[in-house]
Each structure stands twice: as structure tokens, then as C-alpha cells.
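Structure record follows, encoded as C-alpha cells.
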Amino acid sequence: MNDLHGLATRALHVLDPEDAHTAALAALKLGLGPAAPADAPILATEMADLKLPNPVGLAPGFDKNAEVFGPMLRAGFGFVECGTVTPLPQAGNPRPRLFRLTEDRAVINRMGFNNEGVEAFARRLARRGSGVVGANIGANKDSADRVGDYVVALTRVWGLCDYYTVNISSPNTPGLRALQTRAALEELLGRIVEAGQALPDAGGRPIFLKVAPDLEDAEIEAIAEVVDRSGFNGIIVSNTTIGRPGLRSRHRGETGGLSGAPLMSLSTQVLRRFREVAAKDLQLIGAGGIASGADAYAKIRAGACAVQLYSALAFEGPGLVVRIKRELAGLLQADGFRSVREAVGAR
Ligand SMILES: Cc1cc2nc3c(=O)[nH]c(=O)nc-3n(C[C@H](O)[C@H](O)[C@H](O)COP(=O)(O)O)c2cc1C
């Protein structure tokens with residue numbers, strides 16, 4: 001069966017990357033995805049009080065419309081984050097907008113929040129089964145009130161997910177990253193927390209902020225401080241980078257966010273810096289360039305309670321998560337840790 005999935009992944013490589021993604025989603029919806037064995041007990045952990053069977057999550061962007069979170073949980077991810085979803089459906093940028101940089105084990109995307117809108121997203125989530133699922137929310141490109149968009153989307157999915165992520169770090173919606181500056185962030189988080197308090201079960205589900213890796217030290221300190229005071233539960237570090245560190249592939253000049261192997265070191269450095277400056281109880285989730293158990297372990301030791309990945313799937317297919325978990329369990333044991341939690345921030 002694994003050979004079959006390897007073969008299918010290689011076959012998908014001859015397709016345009018976006019067509020390959022659409023084909024993969026169709027196969028998953030037909031129930032053709034792999035089923036992972038149960039997780040080793042050493043991998044069981046927590047993320048802001050949510051119990052996870054393992055700390056390896058699927059990053060948003062793969063399941064933008066909340067269609068395949070069930071099959072991806074079955075493939076062995078410890079949690080799945082759907083989205084980014086915006087209040088209204090939107091087409092995103094013109095194609096081609098997704099590029100595979102094979103020699104660099106990287107991806108560049110400028111999708112631009114293509115999604116079916118929060119109504120369709122919420123209807124699918126309302127029918128979900130067990131397993132930890134998060135919703136990543138964003139603003140429509142042409143919205144006159146971007147902050148209001150986050151409130152609208154959050155209100156619609158409230159109670160349907162285990163956690164919520166406020167995404168202000170996509171480089172593909174012009175001006176969105178400006179929400180990371182202190183004054184804008186204070187207003188945004190203030191309005192979201194206020195709206196959340198008016199909803200039933202207020203404070204019952206964690207809310208995270210997802211940031212870019214392209215941040216100066218002073219910006220990291222300001223974000224950590226504002227998030228801590230806001231009542232948000234944590235920060236996801238990070239989204240894609242607008243940097244182009246040492247790439248060889250022919251698509252390296254494409255506009256958009258870079259992810260995959262070349263993002264590993266930068267996003268882990270920024271994560272470590274957040275751990276140094278943030279309050280102790282602020283949860284950090286690490287994303288960016290994870291393709292092995294050693295990568296996941298490095299993020300955990302830098303301070304992440306859980307991790308997420310996406311780009312490596314484009315090269316290896318969903319069987320990848322089983323390998324990463326096996327390697328991670330081995331590394332924890334070799335260093336004498338009895339749980340993931342013991343290794344968080346162990347440097
Ligand atoms: C094609 C593609 C689409 C993405 N779409 C989103 C998105 O809608 N929302 C979001 O927060 N992150 C999105 N991301 C970023 C990923 O969630 C992740 O933060 C980033 O790719 C780094 O992890 P990776 O190197 O494992 O891919 C996207 C990434 C890719 C490659």
C-alpha cells in the first residue's frame with residue numbers, strides 16, 4: 001500500500017502543482033488516503049490544553065475549504081488546521097500561482113486566499129467527527145473593513161472547531177502583514193477578543209495568532225507583548241517568507257511566499273526568539289520547512305509545544321507523517337525524554 005502511495009505521489013509530480021493538489025484532494029475525498037497505525041504513547045501531548053495524540057499537525061493551505069480534515073487525521077496528523085477561510089468566497093490570484101522548486105525542496109505560492117467562503121466551510125465543519133481541527137481565518141482582499149472580516153469569520157465558525165487562528169501573515173493579500181505592527185495589532189486583537197467574549201462558551205477555545213518569519217527583533221518583542229496582554233493563547237511561527245535564501249530552481253524569481261526546506265532555519269530562529277521574549281504560558285507552535293523527525297524535534301526544543309507542515313507533502317505524499325513521528329519518537333527516547341512536553345524549550 002505504501003508503494004502505491006509513493007507511486008501516486010510520483011505520478012502527481014508530472015502534473016502542474018495546483019492540478020496535482022486538486023487530484024490529491026479528490027483522491028482523499030474518495031477515501032483513498034493512507035490509514036496510519038496508532039501513535040506511540042511518548043508522542044501524546046497538549047497544545048493550549050487540547051489533547052493531541054502526537055504533535056505533528058497539518059498546516060493551513062492544504063485543506064482551505066475544510067473538505068479533507070478527516071482523511072488527513074486518519075493519515076496520522078495529530079491535528080489539522082483548515083483554511084485560510086474569508087467571510088466571502090474569493091477566486092484568489094490568476095494561475096499559475098503555485099510553483100514546485102524541486103531542487104530546493106521548496107514551494108512558492110501566491111494563491112491569494114482562494115476559498116469558498118466561511119458559509120460552506122462552516123457547514124462542512126458542523127458534520128465533523130473526532131480529532132483536533134482548527135480554523136484559520138483571514139480577510140477578503142477587497143474588504144473595506146479587514147478587522148471586521150476577522151470578527152465575521154470567527155463568529156461564524158465559533159464552537160465548530162477546537163481552536164482558531166488569526167492569520168495576518170500571508171504575503172499574498174496586499175497590506176495584510178501591516179496588521180503585525182503594534183497599533184494595528186492592538187486594535188485587531190482587542191476587537192477579536194471583545195467579539196469572542198460576547199459569544200457562548202467565551203474563552204473556552206484557544207485562539208492563536210499566525211505570524212510571518214520576516215520580523216526584526218523589535219517587532220518580535222512588540223508582537224509577543226501585545227499577544228500576551230490580549231488574552232490570545234499563543235503564536236504560530238511561521239507563515240511563508242518573502243526572502244529567497246540561496247535558491248537554485250528555475251522558479252526562484254516567482255513572486256509569493258517561499259516555504260519548505262529553505263524556510264526551516266529562519267522560522268526556527270524566529271520561534272526561538274519568541275520563546276525567549278514571550279510570557280511562559282504563551283503557547284508557541286512551530287511551522288516552516290519540516291521534512292523529518294529531526295526538523296520537528298528542533299522546533300520543539302526551540303520552544304514549540306506542537307508543529308505543523310505542508311510543503312514537504314508536495315514531495316513525499318501523506319506517508320511522510322508516519323516517518324516523521326517514528327523519527328521524532330526515536331530522538332526523544334535517545335535523549336532520555338519521557339514525553340514531548342519534557343523536550344519543549346530544552347534547547
Ligand atoms: C500552497 C500553500 C498555500 C498556503 N496557504 C496558506 C493559508 O491559506 N493560510 C495560512 O495561514 N498559511 C498558508 N500557507 C503556509 C503554511 O501553512 C505554512 O505556514 C508554511 O508553508 C510553512 O510550512 P512548510 O514549510 O511546512 O510548508 C500555505 C502554504 C503553501 C505552500
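Order of listing sets the numbers, starting from 1, for every ligand and every atom in it. No experiment lies behind these values; they were computed from the predicted model shown. In what follows, residues are counted from 1 in the order of the sequence shown.
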Does anything in residues 186-198 form a salt bridge (Lys or Arg N to Asp or Glu O under 4.0 Å)? List the pairs, not counting sequence neighbours.
Asp145-Arg191, Glu186-Arg229, Glu187-Arg191

Strictly by modelled atom types, are Gln180 and Ser169 linked by a side-chain donor-acceptor pair under 3.5 Å?
no

With sequence neighbours left out, the residues meeting side-chain hydrogen bond (donor to acceptor under 3.5 Å, both in side chains) with Arg110 are Glu254

Charged N-O contact under 4.0 Å between Arg182 and Glu219:
no

In short, salt bridge (Lys or Arg N to Asp or Glu O under 4.0 Å) pairs touching residues 26-53 with sequence neighbours left out are Lys29-Glu67, Asp39-Lys325, Glu46-Lys51

Proximal protein residues to ligand 1, non-hydrogen atoms under 4.0 angstrom:
Ala59, Pro60, Gly61, Lys64, Gly83, Thr84, Leu98, Val107, Asn109, Asn136, Asn167, Lys210, Ser238, Asn239, Thr240, Ser259, Gly260, Leu263, Gly288, Gly289, Leu309, Tyr310, Ser311

Taking the six-membered ring for Trp and the single ring otherwise, decide whether the centroids of Phe208 and Tyr163 are under 6.0 Å apart.
yes

